[in-house]
Amino acid sequence: MKNIAVILSGCGVYDGSEIQEAVLTMLAIAQQGATYRCFAPNITQHHVINHLTGEVSKDESRNVLVEAARIGRGDVEDLTELYEKEFDAIIFVGGFGAAKNLSTFALDNDNYSVNEQVLKIAKAFASVEKPAGFMCIAPALLPLIYPAGVKGTIGKDNATAKLISAQGLMHINCDVTDVVVDEAHKIVTTPAYMLAESISEAAVGINKLVKYVLALSK
């Protein structure tokens with residue numbers, strides 16, 4: 001049975017992991033006969049957003065790992081305890097947390113960076129050619145992990161795609177219900193809520209992403 005590492009970035013689309021994407025990913029993995037373990041960095045998240053109003057909650061601080069545990073029903077591990085040899089593949093869930101906590105993409109489009117812990121783990125999987133899945137805005141991490149020319153998609157947002165492409169991504173426009181597969185690097189990407197207008201639309205692309213990631217794993 002294949003085992004997948006699922007990387008979360010908090011809890012909530014505006015400041016952490018997109019909850020529906022996370023749940024759909026875990027469900028797809030289980031339904032396709034594999035197992036998973038969830039991980040998140042034990043760091044303070046960039047800021048806290050009131051998801052009812054969309055406003056930044058001043059004077060409030062939250063921890064990415066603690067918040068991610070809400071999604072995993074408490075079963076989420078510190079990213080420093082993730083060892084590549086224990087897994088067949090890795091999947092990064094979307095949400096603004098990927099662009100605020102796992103990286104600085106949302107804060108510094110032109111010269112963003114990836115969190116050191118996240119970069120170390122992602123490169124460990126890449127170095128032994130284990131498959132990886134990235135959804136929603138998470139493909140922004142790709143050009144800082146893989147060589148220039150790596151293929152991926154965030155959907156059809158040309159302005160955002162241009163920013164990521166400037167770092168080395170070969171962006172390919174993609175419908176919400178489809179995926180882009182980079183066979184050379186064993187990477188699968190899907191737009192998810194970069195384009196999805198319903199949970200059912202997001203599910204189609206995420207199910208395909210999981211299917212292809214599992215198929216690429218040895």
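Nothing here was measured: the structure is a model prediction, and the numbers come from that model.
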Side chains of Ser9 and Val93: does their closest heavy-atom pair fall under 4.5 Å? no
Are Leu142 and Asp182 packed together at the side-chain level, in the sense that at least one heavy-atom pair is separated by less than 4.5 angstrom? no
Search all heavy atoms of Ala28 against all heavy atoms of Asn207 and return the closest pair with its distance. CB-OD1, 3.2 Å
Ile7 and Met135: same hydrophobic cluster, using ILVMFWY side-chain contacts below 4.5 Å? no
Atom CD of Glu116 with >12 non-hydrogen neighbours under 6.0 angstrom: no
Can you measure from CG (Leu65) to CG (Asn63) and round to the nearest 0.5 angstrom? 5.5 Å
Please report the interatomic distance CG(Asp108) to CG(Asp110), rounded to the nearest 0.5 Å. 6.5 Å
same_hphob_cluster(Ile43, Leu107) at 4.5 Å side-chain heavy-atom cutoff: no
Is the Phe92 to Phe125 ring centre distance short of 6.0 Å? no
Should Pro191 and Thr153 count as side-chain neighbours, where that means a heavy-atom distance under 4.5 Å? yes
Treating Asn3 as the side-chain partner and Asp88 as the backbone partner, does any N or O pair qualify as donor plus acceptor under 3.5 Å? no
Evaluate the criterion side-chain contact (heavy atoms from CB on, under 4.5 Å) for residue pair Val181 and Leu216; output intermediate values, then yes/no. CA-CA 10 Å; Val181 181; Leu216 288 169; 4.2 Å; yes
Is it true that, when you exclude Asp75 itself, more than 12 heavy atoms of the residues, nucleotides or ligands shown sit nearer than 6.0 Å to its CG? no
Is there a donor-acceptor contact under 3.5 Å from the side chain of His46 to the main chain of Asp15? no
Where is the tightest heavy-atom contact between Ile137 and Gly95, given as atom of each residue plus distance? CG2-O, 3.4 Å
ILVMFWY network linking Val150 to Phe134, side-chain heavy atoms under 4.5 angstrom: yes
Please assess Lys151 against Ile187 for the test side-chain contact (heavy atoms from CB on, under 4.5 Å), listing each intermediate value before the final yes or no. CA-CA 8 Å; Lys151 298 177 183 177; Ile187 298 167; over 6 Å; no
Between Ser17 and Ile19, is there a donor-acceptor pair closer than 3.5 Å when you use the side chain of the first and the backbone of the second? no
Atom OH of Tyr146 with >12 non-hydrogen neighbours under 6.0 angstrom: yes
Have a look at Val210 and tell me which of Val179, Ile29, Leu24 forms a side chain to side chain contact (heavy atoms under 4.5 Å, CB included) with it. Ile29
Heavy atoms only: give me the nearest Pro147-His185 pair and the separation to one decimal. CD-NE2, 3.8 Å
On a heavy-atom basis, the closest approach of Ala98 and Leu141 is O-CD2, 4.0 Å
Is there a donor-acceptor contact under 3.5 Å linking the side chains of Asn101 and Asn115? no
For atom CZ of Arg37, decide whether the heavy atoms of other residues, nucleotides or ligands shown that lie under 6.0 angstrom number more than 12. yes
Single-linkage hydrophobic cluster, 4.5 Å side-chain cutoff, Val64 and Val114 together: no
Is there a side-chain contact (heavy atoms from CB on, under 4.5 Å) between Lys130 and Ile90 once you walk through the steps? CA-CA 8 Å; Lys130 288 189 176 180; Ile90 189 169; over 6 Å; no
Determine whether Ile199 and Met194 fall in the same hydrophobic cluster, where Ile, Leu, Val, Met, Phe, Trp and Tyr are linked whenever their side-chain heavy atoms lie under 4.5 Å apart. no
So, applying side chain to side chain donor-acceptor pair (under 3.5 Å) with Tyr193, which one of Glu201, Glu21, Gln20 is it? Gln20
Measure across Gly94 and Cys136 and return the closest heavy-atom pair with its distance rounded to 0.1 Å. CA-CB, 3.6 Å
Quick one, Lys208 and Thr190 - any side-chain contact, counting heavy atoms below 4.5 Å? no
Interatomic distance, CD1@Ile49 vs CD@Glu60, rounded to 0.5 Å, equals 10.0 Å
Listed partners of Phe96 passing side-chain contact (heavy atoms from CB on, under 4.5 Å), at least two apart: Tyr14, Lys100
Look up atom OH in Tyr36 and atom CD1 in Ile91, then write down how far apart they are to the nearest 0.5 Å. 11.5 Å
Under a 3.5 Å distance rule, please check whether Glu197 uses its side chain to pair with a backbone N or O of Ala202 as donor and acceptor. no
Do you know which two heavy atoms are closest between Ala40 and Val76, and how far apart they sit? N-CG1, 4.0 Å
From Leu102 CG over to Gln117 CD, what is the distance, rounded to the nearest 0.5 angstrom? 10.0 Å
Measuring from atom CD1 of Ile206 to atom CG of Leu27, what distance do you get when rounded to the nearest 0.5 angstrom? 10.0 Å
Would a 4.5 Å heavy-atom cut-off, applied to side chains only, mark Asn42 and Leu79 as touching? no
Measure the shortest side-chain to side-chain distance between Glu84 and Ser127 over non-hydrogen atoms and say whether it is less than 4.5 angstrom. no
Could you list the donor-acceptor pairs under 3.5 angstrom formed by side chains in residues 168-178, with sequence neighbours left out?
| residue | atom | partner | partner atom | Å |
| --- | --- | --- | --- | --- |
| His171 | NE2 | Ile154 | N | 3.0 |
| Asp175 | OD1 | Lys156 | NZ | 2.5 |

For Tyr112, check ring-ring contact (aromatic ring centres under 6.0 Å, His included) against everything at least two apart and list the hits. Phe105
Would you sort out whether Lys186 and Lys218 count as a side-chain contact (heavy atoms from CB on, under 4.5 Å), showing the intermediate values? CA-CA 11 Å; Lys186 296 185 177 180; Lys218 296 179 181 179; 3.6 Å; yes
